[in-house]
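Comments concern the structure below.
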There are 2 protein chains.
Amino acid sequence: MNTNLIFKALSNEVRAQILEWLKEPDENFGPQIFLPPDSDFRGGICVGSIQEKAGLAQSVISSYLTLMKNVGLLESKRFGQWTYYRRDEEKIKAFAEYVKTQL
Amino acid sequence: MNTNLIFKALSNEVRAQILEWLKEPDENFGPQIFLPPDSDFRGGICVGSIQEKAGLAQSVISSYLTLMKNVGLLESKRFGQWTYYRRDEEKIKAFAEYVKTQL
DNA sequence: TCATTATATCTAATTATCTCGATTTATCAA
DNA sequence: TTGATAAATCGAGATAATTAGATATAATGA
C-alpha cells in the first residue's frame with residue numbers, strides 16, 4: 001500500500017467525487033443495464049456513465065480510473081467492450097486503518 | 001474540516017514526513033533547549049530544527065508548516081523569535097475518523 | 001540604536017498535474 | 001469483413017506545485 005499515492009489520488013476533487021459516487025452506484029448512476037446480472041461484479045459502473053456524470057473528457061476519466069485502480073482505491077472488470085469500475089472496499093478499509101493508527 | 005486540502009497537504013512526501021517526525025519530537029529532533037519548560041507547548045519544534053532535518057530551503061519549510069497549520073494538521077505558538085509547531089492531534093483524529101467512516 | 005537571529009513573504013524557474021482532442025485498440029453486430 | 005461503440009493511450013497547452021534565493025518582518029541583545 002503506497003499511502004502517498006493514495007493521498008495524491010484523493011487530493012483531486014473529481015477523483016474523490018467519483019469514489020464517493022461509487023458508494024451508492026445505483027442512486028448516482030442508475031442501473032447498469034449492460035452489466036450481466038450473473039457477473040458477480042455488483043456495483044460496477046462503466047467508464048461512460050462515470051464520464052457523463054463527471055462532465056470531463058472521456059480520456060481524462062479513463063486515466064483517472066486507471067490511476068485510482070493502480071493505487072488500490074478501485075477494482076475493474078471488463079465485459080465485452082465495457083470496463084466496469086467499483087470501489088475496492090478491502091483496500092480502502094486498509095488505508096483508513098493506516099490513517100487511524102499510523103498518521 | 002476541508003478534507004480535500006488535507007489530502008493535498010499529505011500528498012507531498014516532505015510534508016507527510018514532517019507530520020510523522022512530529023509524532024516523536026524528542027527522538028527525531030532532540031530536546032528543544034529554547035522552549036521554556038513552563039510554556040505548556042510540549043512537543044513543539046521550531047522551524048529551524050525541522051528545516052535542518054528536512055534539508056530543504058528555510059522558505060520552503062516555513063510555507064509548508066503554514067500550509068499544514070492552515071488545513072488543521074499542525075498548531076503553532078510563537079515564543080520570542082521562535083515559532084514552534086506540533087501536531088494538532090484532535091484535528092488529525094477527526095480527519096482519521098472521517099476517512100474511516102465517510103471515505 | 002544597531003547588528004544578529006528566526007521566521008515569513010515575495011519572485012521566479014523548474015517540474016508536475018490537469019485537461020482536451022486525436023488516435024489506437026478491443027469488442028460487437030450486421 | 002466492415003462499421004460502430006467503448007475504453008485506453010498519446011501529444012500538447014494551460015494551470016498548479018515545488019523549490020530556491022532574496023527580501024521583509026519580528027524579536028533579541030549589546
Side-chain angles (χ1 to χ4, degrees), chain A residues 2 4-19 22 29-36 39 41 44-71 73-86, chain B residues 2 4-19 22 29-36 39 41 44-71 73-86:
Chain A
N2 188 326
N4 186 251
L5 292 183
I6 298 176
F7 283 130
K8 267 207 170 79
L10 292 170
S11 73
N12 177 283
E13 289 192 53
V14 175
R15 289 191 297 259
Q17 178 76 88
I18 290 170
L19 194 68
L22 288 173
F29 300 99
Q32 293 298 101
I33 55 174
F34 299 114
L35 211 180
S39 64
F41 203 70
I45 302 292
C46 70
V47 179
S49 298
I50 299 171
Q51 188 262 314
E52 188 180 12
K53 191 168 176 73
L56 291 183
Q58 182 270 326
S59 60
V60 174
I61 298 303
S62 175
S63 61
Y64 278 7
L65 294 172
T66 300
L67 185 153
M68 293 170 80
K69 180 189 170 183
N70 286 341
V71 305
L73 291 169
L74 300 182
E75 53 189 352
S76 73
K77 188 166 187 181
R78 182 157 195 161
F79 294 97
Q81 357 175 211
W82 291 276
T83 305
Y84 293 87
Y85 285 89
R86 68 178 181 190
Chain B
N2 188 326
N4 187 251
L5 292 183
I6 298 177
F7 284 130
K8 266 207 171 79
L10 293 169
S11 73
N12 177 284
E13 289 193 51
V14 175
R15 289 190 297 258
Q17 178 77 88
I18 290 170
L19 195 68
L22 288 174
F29 301 98
Q32 294 296 102
I33 55 174
F34 299 114
L35 212 182
S39 64
F41 203 69
I45 301 293
C46 71
V47 179
S49 298
I50 298 171
Q51 188 263 311
E52 189 181 13
K53 192 169 176 72
L56 292 183
Q58 182 270 326
S59 61
V60 174
I61 298 303
S62 175
S63 62
Y64 279 8
L65 294 172
T66 300
L67 184 154
M68 293 170 80
K69 180 189 169 181
N70 286 341
V71 305
L73 291 169
L74 300 182
E75 53 190 351
S76 74
K77 188 166 185 181
R78 182 156 195 163
F79 294 97
Q81 0 175 210
W82 291 277
T83 305
Y84 293 87
Y85 286 88
R86 68 178 180 190

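Proteins come first, then strands; the chains are lettered A, B, ... in the order of their sequence lines, and each starts at number 1.
The side chain of A/Ser62 sits closest to D/dA7 out of D/dA7, C/dT7, C/dT9. Checked against D/dA6, D/dA7, D/dG21, the side chain of A/Gln81 finds its nearest nucleotide in D/dA6. Of all nucleotides listed (D/dA8, D/dA20, C/dG21), C/dG21 comes nearest to the side chain of A/Ser59.
With B/Gln51 contributing its side chain and B/Leu56 its backbone, the two residues share a donor-acceptor pair below 3.5 Å. Without hydrogens or angle criteria, B/Arg15 side chain to B/Lys8 main chain gives a donor-acceptor distance under 3.5 Å.
Residues A/Leu65 and A/Ile18 approach most closely at CD2-CG2, 4.1 Å, considering heavy atoms. Across all their heavy atoms, B/Ile6 and B/Val71 have their closest contact at CG1-O, 3.7 Å. Smallest separation of non-hydrogen atoms from B/Ser76 and B/Thr83: CB-CG2, 4.1 Å. Nearest approach of A/Tyr84 to A/Cys46, heavy atoms of both residues: CD2-N, 3.5 Å. B/Ile45 approaches B/Ser49 most closely through the heavy-atom pair CG2-CB, 3.6 Å. For the pair B/Leu67 and B/Ala9, the tightest heavy-atom approach, listed with the atom from each and the gap, is CD2-CB, 3.6 Å.
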Which atoms of nucleotides 23-25 of chain D (N or O only) lie under 3.5 Å from a protein N or O atom, and what are those distances?
none

Please tabulate, one pair per line, each protein N/O and nucleotide N/O from nucleotides 13-19 of chain C that are separated by under 3.5 Å, including the distance.
from, atom 1, to, atom 2, distance (Å)
C/dC18, OP1, A/Asn12, ND2, 3.0
C/dC18, OP1, A/Arg15, NH2, 3.3
C/dC18, OP2, A/Arg15, NH1, 3.2
C/dT19, OP2, A/Tyr64, OH, 2.7

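Distance CZ (B/Phe79) to P (C/dT7): 13 Å, rounded to an integer number of Å. Between B/Asn70 atom CG and D/dA17 atom P the separation is 14 Å, expressed in whole Å. Between B/Glu13 atom CD and D/dT19 atom P the separation is 10 Å, expressed in whole Å. Residue A/Trp82 contributes atom CH2, which lies 8 Å from atom P of C/dC28 at whole-angstrom precision. Atom OH of B/Tyr84 is separated from atom C1' of C/dT5 by 12 Å (rounded to the nearest Å). Taking atom NZ of residue A/Lys69 and atom C1' of nucleotide D/dA8, one finds them 12 Å apart after rounding to whole Å. Between the NZ atom of B/Lys77 and the C1' atom of D/dA27 there is a distance of 17 Å, rounded to whole Å. One interatomic measurement links the two molecules: CD of B/Gln51 to P of D/dT19, which rounds to 13 Å at whole-angstrom precision.
The distance from atom CG of A/Asn4 to atom CG of B/Leu10, rounded to the nearest 0.5 Å, is 9.0 Å. Residue A/Phe29 holds its CZ atom at 6.5 Å from NZ of A/Lys53, rounded to the nearest 0.5 Å.
Contact between the side-chain N/O atoms of B/Tyr85 and the OP1/OP2 oxygens of C/dA8 is found at a separation under 4.0 Å.
Direction of the helix axis in the helix from C/dT1-D/dA30 to C/dA30-D/dT1 shifts by 10° between the two five-pair termini, rounded to 10°.
In this structure, the side chains of A/Tyr85 and A/Leu73 stay at 4.5 Å or more apart for every pair of heavy atoms.
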